[in-house]
Amino acid sequence: MSKDITSRSEDYSQWYIDLVRKAGLADYSAVKGCMVIKPYGFAIWENMRDTLDRMFKETGHVNAYFPLFIPKSFLSKEAAHVEGFAKECAVVTHYRLKNAEDGSGVVVDPDARLEEELIVRPTSETIIWNTYRDWIQSYRDLPLLINQWANVVRWEMRTRLFLRTAEFLWQEGHTAHATREEAIEETRKMLDVYATFAEEWMALPVVKGVKTTNERFAGAEDTYCIEALMQDGKALQAGTSHFLGQNFAKAFDVQFSSKEGTLEYVWATSWGVSTRLMGALVMAHSDDEGLIIPPKIAPHQVVIIPIPKPLAELDEAINNVAKELRARGIRVKIDTDDQNRPGYKFAEYEKLGIPVRLAVGARDLAAGTIEVARRDTREKQSVALDGIGDHVANLLDEIQRNLFERARTFRDERITRVDTWDEFVKTLDEKGGFISAHWDGTGETEDLIKDETKATIRCIPLNNPQEDGLCVRTGKPSSQRVLFARAY
RNA sequence: CGGGGUGUAGCGCAGCCCGGUUAGCGCAUCUGCUUUGGGAGCAGAGGGUCGCAGGUUCGAAUCCUGCCACCCCGACCA
């Protein structure tokens, strides 16, 4: 048991906070609701970001950057959009401070009031579509496939490190298309990119689906999502991809001349994932000893610890192993620090979640072996130094695979088909996870269930089998099951 | 905004009810020595506007008043 991390069974939520802080991912800041992302946490985010960025570029997108500030009037141009975000916007009203007359510091200069207030972007659809109006005149300008890496601000009343903070980092793709079909195809394509990233890099199994009207993005016609399950049985929305129809094109008057010579409104999509994925990563894989990071996104995939009896051969052996691993593209850290004892380091690197730990001492040298410990199962074994590069490379693949399989088994065991309301409530309280149940399709029933149980419809899975049934709450006819869960 | 709680060293806390030497303890930090295969031991050292302001008192971390901040629960949250 780790010395400074609360166990999951004792207090899951405290375990999460302890882990995030003690493993050096993030910390609270002087600003309420805002966090400091620390170097180790940022290194993981950089790996996620770089991978996603490459995937975006491989699917034809380019990066750009739009302003942090949005004129207040822009936000209100799309009715549903402003309705959805108005309550959590930070607003800039002045542009200057001055010395207080009583010498107590600086105060806002009342003479420096802005003509029009600026909103700190909660998302960039409005400023971007206002810009697209100037960029799009012809079908030849389409499609426009742009992504932005940025920070956004949503003034939430209650925050949690990574999962919900006032400011967070994300990417937002904003694309413009000539036809409805093409825009929908783009929406689905990016959902697939997210799902692939989640499963293959983060080892995070996800359900792809569509949101109900209640849960839809403010201003979208359809919101697609990937939903993941955390170890406490709560769901986490890991990414969304929106088909925006012509809503923003109409709000910002973005039209183009078609091949046929007619004037048409542009079709739009937007899609995003955020630093919230860091929270998903922590809660999906880690244990009471600390983080467990999938090899593909781990800042260090292997750490080598010399067991420090002063010995020149030891340095040589370690450097040779590191060289062999690095030649295979493996990210290796060598801990030559002689202040801390091996036992301390073992515990420390387990807390940091480094997938593979190698330990070498005089004993190993004599035997021509090295101690290999894998983080996911915490198993240790002695392996011949000869051929260690292949062994570790295979082990990293095996760990990546195992983490995914483990999470998928956990998730699949927690998708429960339920047909009665009693069962629904009981399953939610005792087992958690996703509940697959019939629903009459109305927002009223969805709200009712939410009020009574705090469970929401996470999504209607894609390719959902059609099946006649009765709504689990109202008994009205239903044509398919949907996934319910309590969520973050 | 409603209910509850907490502010004392970098972190975690005790002391407060019942006012009284130089405000303690653990971890961390620094120095030295011995250690090093699962979170080392000993010795020494440094570090404090006791959240802020006022009041009572010979004397306030402690009692009183006001204020501020943060945390938890709820409301809120694609």
Side-chain angles (χ1 to χ4, degrees), chain A residues 1-6 11 13-14 17-18 21-22 27-33 80-81 83-89 104 122-123 125 152 154-160 163-166 168 170 172 209-227 235-244 270-274 276 289-290 305-311 314 335-352 357-367 369-371 373 378 380 382 446 450-451 454 456-459 486-488:
Chain A
M1 179 76 65
S2 179
K3 259 165 87 175
D4 42 21
I5 300 172
T6 307
D11 184 344
S13 159
Q14 190 59 46
I17 294 166
D18 284 352
R21 300 180 70 184
K22 301 290 167 57
D27 214 337
Y28 295 114
S29 72
V31 184
K32 184 180 177 172
H81 191 67
E83 171 74 22
F85 286 106
K87 282 178 289 187
E88 52 190 46
C89 285
S104 61
T123 179
E125 275 78 6
V152 288
R154 297 181 187 178
W155 213 263
E156 307 282 0
M157 294 176 130
R158 187 96 175 263
T159 59
R160 295 190 83 172
L163 299 178
R164 183 173 291 110
T165 46
F168 55 92
W170 77 346
E172 45 181 327
V210 189
K211 288 291 187 190
T212 60
T213 311
N214 280 9
E215 301 282 325
R216 190 179 288 159
F217 174 76
E221 278 196 22
D222 261 320
T223 288
Y224 293 79
C225 63
I226 50 173
E227 292 285 329
L236 182 85
Q237 177 179 298
T240 47
S241 184
H242 315 290
F243 169 58
L244 302 174
S270 70
W271 28 273
V273 296
S274 71
R276 184 175 229 216
E289 308 302 324
I305 300 174
I307 306 298
K309 289 248 165 48
L311 205 59
L314 206 54
D335 186 347
T336 51
D337 175 302
D338 59 357
Q339 301 301 307
N340 293 308
R341 296 153 61 98
Y344 176 88
K345 293 181 182 178
F346 294 166
E348 200 59 23
Y349 289 115
E350 276 171 11
K351 188 163 75 186
L352 296 182
R357 182 185 74 230
L358 303 177
V360 209
R363 218 159 69 193
D364 301 282
L365 281 191
T369 62
I370 188 165
E371 184 185 85
R378 300 188 75 221
K380 288 194 287 198
S382 225
E446 197 178 351
K450 186 179 176 182
D451 288 345
K454 289 184 178 173
T456 51
I457 298 177
R458 300 318 304 158
C459 70
R486 291 197 177 119
Y488 278 100

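Chain letters run A, B, ... following the sequence lines, proteins first, then strands; residues in each count from 1. This structure is a prediction, so every number in the text was calculated from the model and none was measured.
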Whole Å only: how far is the CD1 atom of A:I307 from the P atom of B:rU36?
12 Å
When we call it a touch if two heavy atoms are under 4.0 Å apart, what does A:R363 touch: a base, just sugar-phosphate, or nothing?
base
Quick check on A:K22: does its NZ atom have over 12 non-hydrogen neighbours (other residues, nucleotides or ligands) under 6.0 Å away?
yes
Length of the line joining A:N340:CG and B:rG37:P, which is rounded to integer Å
12 Å
Please give the distance between the C1' atoms of B:rC17 and B:rC64 as a whole number of Å.
15 Å
A:Y349 atom OH is separated from B:rG39 atom P, nearest whole Å, by 16 Å
What's the gap between B:rA9 and B:rC27 when it is taken at their C1' atoms, as a whole Å value?
12 Å
For nucleotides B:rU21 and B:rG15, find the distance between their C1' atoms and express it as a whole number of Å.
16 Å
Classify A:A362 by what it touches in the nucleic acid, base, sugar-phosphate, or nothing, heavy-atom distance under 4.0 Å.
base
Round to the nearest Å and state the distance from A:E156 atom CD to B:rA75 atom C1'.
14 Å
Rounded to the nearest 0.5 angstrom, the CZ-NZ distance for A:R486 and A:K450 is 13.0 Å
In whole angstrom, give me the gap between the C1' atoms of B:rG48 and B:rU8.
8 Å
Would you say CH2 of A:W170 has more than 12 non-hydrogen atoms from neighbouring residues, nucleotides or ligands within 6.0 angstrom?
yes
Spacing of A:L352 atom CG and A:E289 atom CD [to the nearest 0.5 Å]:
13.0 Å
Identified stems (criterion: three or more consecutive Watson-Crick or G-U pairs, under 3.5 Å), RNA chain B
B:1-7 with B:68-74, B:10-13 with B:24-27, B:29-34 with B:40-45, B:51-55 with B:63-67
Pair A:E215-A:T456, side-chain donor/acceptor within less than 3.5 Å
no
Rounded distance [0.5 Å steps], OG1 in A:T213 versus CD1 in A:I457:
9.5 Å
Output for pair (A:I17 CD1, A:I5 CD1), nearest 0.5 Å, gives 12.5 Å
Sorted by position of nearest nucleotide on RNA chain B, 5' first, the leading residue of A:D338 and A:K345 is A:D338
Quick one: CD on A:E227 to SG on A:C459, what's the gap to the nearest 0.5 Å?
5.5 Å
What distance separates A:S13 OG from A:R160 CZ, expressed to the nearest 0.5 Å?
4.0 Å
If we take the P atom in both B:rG12 and B:rU6, what is their distance in whole Å?
15 Å
Between B:rC25 and B:rG32, how far apart are the P atoms? Round to whole Å, please.
24 Å
To the nearest angstrom, how far is A:E83 atom CD from B:rC77 atom C1'?
14 Å
I'd like the P distance from B:rG51 over to B:rG10, given in whole Å.
13 Å
Name the atoms and distances for all side-chain donor-acceptor pairs under 3.5 Å in residues 341-349 of chain A, with sequence neighbours left out.
residue, atom, partner, partner atom, Å
A:K345, NZ, A:D337, O, 2.5
A:Y349, OH, A:D335, OD2, 2.6

Nearest heavy atoms of A:T369 and A:S382, plus distance in Å
OG1-OG, 3.6 Å
Gap between atoms CZ and P, on A:R164 and B:rC77 respectively (whole Å)
10 Å
What's A:R357 touching, base or sugar-phosphate or nothing? Going by heavy atoms closer than 4.0 Å.
base
Interface polar pairs with nucleotides 40-46 of chain B, N/O, under 3.5 angstrom:
residue, atom, partner, partner atom, Å
B:rA40, OP2, A:R341, NE, 3.0
B:rA40, O4', A:R341, NE, 3.3
B:rA40, N9, A:R341, NH1, 3.4

Nearest to the A:P308 side chain among B:rG38, B:rC77, B:rU36, which nucleotide is it?
B:rU36
If the C1' atom of B:rU36 is compared with that of B:rG41, how far apart are they to the nearest Å?
12 Å
Give the nucleotide from the list B:rC77, B:rG38, B:rG37 with an atom nearest to the side chain of A:E350.
B:rG38
How long is the line joining NZ of A:K22 and C1' of B:rC27, in whole Å?
11 Å
In whole angstroms, the gap separating P of B:rA75 from CH2 of A:W155 amounts to 22 Å
